[in-house]
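Note sheet for the following structure.
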Protein chains: 2
Amino acid sequence: MVTMEDVARLAGVSKMTVSNVVNNRGGVGDLVRQRVLEAIRESGYRVNVSARTLKSGRTGVIGLAVPEIDLPYFSHLADLVIDAAARRGYHVAIERTGAAETGEADALAHSRLLQFDGLILSAVALDGLDERLTEAGYPIVMLGERDFGGRFDHVSMPNEAGIKAATGHLADQGCRRIGIVSGPAREGVNVVTRRYHAYLDALTERGLAADPPLLFPLDRMTMEAGRAAAHRMVDSGHEVDGLVAVTDTIAIGVLRGLADRGLRVPDDVRLIGFDDVPEARFLVPSLSTVAPDHRWMAEKAVELVVQRVHAPSRPTGEYVAPFELVIRESTR
Amino acid sequence: MVTMEDVARLAGVSKMTVSNVVNNRGGVGDLVRQRVLEAIRESGYRVNVSARTLKSGRTGVIGLAVPEIDLPYFSHLADLVIDAAARRGYHVAIERTGAAETGEADALAHSRLLQFDGLILSAVALDGLDERLTEAGYPIVMLGERDFGGRFDHVSMPNEAGIKAATGHLADQGCRRIGIVSGPAREGVNVVTRRYHAYLDALTERGLAADPPLLFPLDRMTMEAGRAAAHRMVDSGHEVDGLVAVTDTIAIGVLRGLADRGLRVPDDVRLIGFDDVPEARFLVPSLSTVAPDHRWMAEKAVELVVQRVHAPSRPTGEYVAPFELVIRESTR
DNA sequence: TTGTACGCGTTATCAG
DNA sequence: CTGATAACGCGTACAA
């Protein structure tokens with residue numbers, strides 16, 4: 001392995017000078033700088049990140065923990081976070097936590113090993129994890145999901161407002177029996193219960209609330225689960241003319257599930273999702289959805305982590321993303 | 001920060017003994033081991049990965065380089081690679097190569113890549129990269145795309161066989177004017193030209209080759225590009241009754257593009273993709289596709305990298321994934 | 001402007 | 001079975 005020492009010898013200077021050149025620090029003569037750069041090229045020298053990290057105590061890496069990366073929403077999010085981090089000179093390491101709670105605890109243990117400078121946690125299920133989180137040793141920002149009562153910075157989806165807007169939009173389109181396809185209920189306040197209550201509120205305000213509620217539950221947040229929910233809904237004879245899916249991923253499955261049963265969107269049932277994943281506009285029919293400003297969220301989360309790296313004791317904050325209602329074919 | 005030194009002092013032993021306990025090495029008395037473990041718990045000690053890496057020269061991390069992670073194919077691949085690596089005790093760090101190269105100093109460019117014990121490179125479009133790669137200093141496996149003439153291990157898609165099967169299937173379904181939507185042509189042999197030629201061969205064998213060929217080119221490998229290609233195809237008056245899309249991502253765009261022009265799949269045009277991304281079965285119509293065994297590919301790629309970490313000079317090999325033709329609604 | 005000496009936390013070697 | 005010592009490669013005082 002080529003070290004700084006080698007480069008220094010080759011260029012006829014000291015290690016320190018090489019270090020200064022590599023890090024673009026001043027105090028190096030132009031001629032010397034050229035010689036050093038030449039020596040670097042010739043020798044194929046690369047900085048040793050481990051040594052640098054060991055010395056500085058900073059890794060320059062932000063962890064991004066997501067349940068699954070092959071769900072469209074999370075991969076899209078990852079993309080945006082990488083961009084935002086890059087703009088600040090940070091790299092992003094993606095950790096997959098898996099949907100199960102044990103997986104998330106494990107991932108946290110692993111992320112300790114990886115020594116991030118900070119962690120952005122986008123998680124669905126976090127039971128019993130908050131205890132461990134407080135001793136993680138680096139800043140943590142919760143992104144888009146359950147909040148921990150102000151213990152961490154929290155960048156959240158416009159859950160209430162978004163779902164209310166979506167539900168209201170269905171009503172405006174003439175829907176009278178509006179159902180919701182919603183994720184696995186967990187104890188405590190989380191994104192699922194929040195969205196569910198927002199849905200109920202919107203219906204109540206318009207006098208459309210059904211009793212019993214038209215809730216079609218999911219056991220997982222996958223396309224397959226969405227499809228199964230749609231099947232169950234149709235097979236049990238519910239007559240619904242509008243459906244709110246709590247995420248676009250679910251909506252993709254629902255769309256398919258309705259097609260399986262010969263129901264057409266939007267003719268028989270109108271359908272609206274939440275997230276505006278890249279696929280949404282390409283589906284047939286294209287999917288109406290609540291489009292939170294993901295870029296804003298990614299940007300905010302990274303900004304908060306980076307800030308906290310330098311000022312660990314700043315008080316935590318709550319940040320809700322702006323959103324737009326995107327009307328496409330599925331609710332026309 | 002709590003160091004081994006601190007733990008050693010607390011337990012009344014030497015650093016070395018603590019190290020032995022932490023790494024489950026033998027040669028430590030049971031009583032001493034207990035004392036050390038207790039001291040670790042009490043102090044909240046965590047191994048410092050940077051120091052370990054600096055010393056050992058191994059990181060336990062495999063890099064996975066992909067152009068974009070929010071394309072369904074790559075995020076799915078990432079998922080499988082993470083699984084395969086985890087089974088062998090390795091972590092995976094995803095690197096996105098799609099972004100334009102910044103003007104970093106040579107020594108810093110790719111320095112992040114140096115933290116890897118090995119690299120799995122998927123579909124990289126960085127020109128002149130192969131020069132640098134040979135001096136990367138760690139094993140590299142090419143996955144699924146461009147091959148570098150036997151310089152690296154290469155796990156490839158069943159490009160020829162898969163596209164031939166797909167094209168043949170369209171012919172079997174009665175298609176007579178079969179087109180292909182294919183990616184940006186690059187110099188040299190790559191996945192795109194390979195698939196294109198396989199398509200031509202299949203047509204020639206059946207006497208269906210058109211002159212001029214029904215090639216609808218893409219400038220990028222995105223859904224949007226697929227949609228645009230479909231628009232151009234229809235608008236230019238081509239009468240095509242079967243379409244091969246070189247990837248499912250493209251196919252999703254094409255599906256939408258055809259719908260935009262009022263063409264129905266499969267009634268007016270049959271469409272088949274390549275990859276079998278998770279979404280494929282949920283589209284309406286569900287998408288017929290060539291389904292390479294991605295799990296096999298991920299497994300193989302990881303296996304090869306890990307092998308080569310321990311035996312760097314083993315001769316390189318070429319490995320072609322098995323595949324299945326998955327017939328769904330889009331070609332019925 | 002350049003060079004020297006030392007420390008970062010861990011592990012390998014070798015002696016006890 | 002345990003402990004002392006010397007690296008690993010880089011960055012930072014501080015000296016020249």
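Below, chain A is the first sequence line, B the second, and so on; all start at residue 1. Keep in mind that this is a model prediction, so the values were computed, not measured.
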Open item on the list: Using the rule given for side-chain contact (heavy atoms from CB on, under 4.5 Å), can you reason through Phe116(A) versus Ile62(A), listing the C-alpha separation, both sets of side-chain angles and the distance that settles it, and then say yes or no?
Closed with: CA-CA 5 Å; Phe116(A) 302 138; Ile62(A) 293 172; 6.0 Å; no
Task: Interface residues of residues 4-14 of chain A with DNA chain C (non-hydrogen, below 4.0 angstrom) - done: Val13(A), Ser14(A)
Task: Listed partners of Asp79(B) passing salt bridge (charged side-chain N to carboxylate O under 4.0 Å, His left out), at least two apart - done: Arg96(A)
- [ ] Would you please name every residue forming a ring pair (Phe, Tyr, Trp, His ring centres under 6.0 Å) with His294(A), sequence neighbours left out?
- [x] Tyr73(A), His76(A)
Task: Heavy-atom side-chain contact between Thr17(B) and Ser14(B) under 4.5 Å - done: yes
If you look only at distance, which donor and acceptor atoms sit under 3.5 Å apart when one is on a side chain in residues 26-36 of chain A and the other is two or more places apart or in another chain?
{"residue": "Arg35(A)", "atom": "NE", "partner": "Ala11(A)", "partner atom": "O", "Å": "2.9"}
{"residue": "Arg35(A)", "atom": "NH2", "partner": "Ala11(A)", "partner atom": "O", "Å": "3.4"}

Task: Flag, side chain of Asn23(B) to backbone of Asn20(B), donor-acceptor distance under 3.5 Å - done: no
I'd like a table of atom pairs between the protein and nucleotides 6-8 of chain C - only N or O on both sides, under 3.5 Å - with the distance next to each one.
{"residue": "dG7(C)", "atom": "N2", "partner": "Lys55(A)", "partner atom": "NZ", "Å": "3.3"}

Task: Degree of bending, the helix from dT1(C)-dA16(D) to dG16(C)-dC1(D) (end axes from five pairs; round to 10°) - done: 40°
TODO: For Asp117(A), enumerate each residue passing the side-chain hydrogen bond (donor to acceptor under 3.5 Å, both in side chains) test, keeping only those at least two apart in sequence or located in another chain.
DONE: Thr59(A)
Open item on the list: With a 3.5 Å distance limit and no angle check, can you tell me whether Arg88(B) reaches the backbone of Ala84(B) through a side-chain donor-acceptor pair?
Closed with: yes
Open item on the list: What is the distance, to the nearest angstrom, from the CG atom on Asp30(A) to the C1' atom on dT2(C)?
Closed with: 16 Å
TODO: Mind checking salt bridge (charged side-chain N to carboxylate O under 4.0 Å, His left out) for Arg87(B) and listing every partner two or more places apart, or none if nothing turns up?
DONE: Glu299(B)
Task: salt bridge (charged side-chain N to carboxylate O under 4.0 Å, His left out) partners of Lys15(A), counting only residues at least two apart - done: none
Open item on the list: What contact category does Arg33(A) fall into here, base, sugar-phosphate, or nothing, at under 4.0 angstrom with non-hydrogen atoms?
Closed with: nothing
Open item on the list: Classify Asn20(B) by what it touches in the nucleic acid, base, sugar-phosphate, or nothing, heavy-atom distance under 4.0 Å.
Closed with: nothing
TODO: Rounded to the nearest angstrom, tell me the gap between atom CE in Met16(B) and atom P in dT11(C).
DONE: 7 Å
- [ ] Considering only heavy atoms of chain B and a distance under 4.0 Å, specify the first and last nucleotide of DNA chain D in 5' to 3' order that meet this criterion.
- [x] dC1(D) to dG9(D)
Task: With Thr316(A) via side-chain contact (heavy atoms from CB on, under 4.5 Å) - residues at least two apart - done: Asp153(A), Arg308(A)
- [ ] Quick one: list whatever passes salt bridge (charged side-chain N to carboxylate O under 4.0 Å, His left out) with Asp293(B), sequence neighbours left out.
- [x] none
- [ ] Kindly indicate, with the supporting measurements, whether the criterion side-chain contact (heavy atoms from CB on, under 4.5 Å) is fulfilled by Leu143(A) and Met297(A).
- [x] CA-CA 8 Å; Leu143(A) 177 53; Met297(A) 293 180 72; 3.7 Å; yes
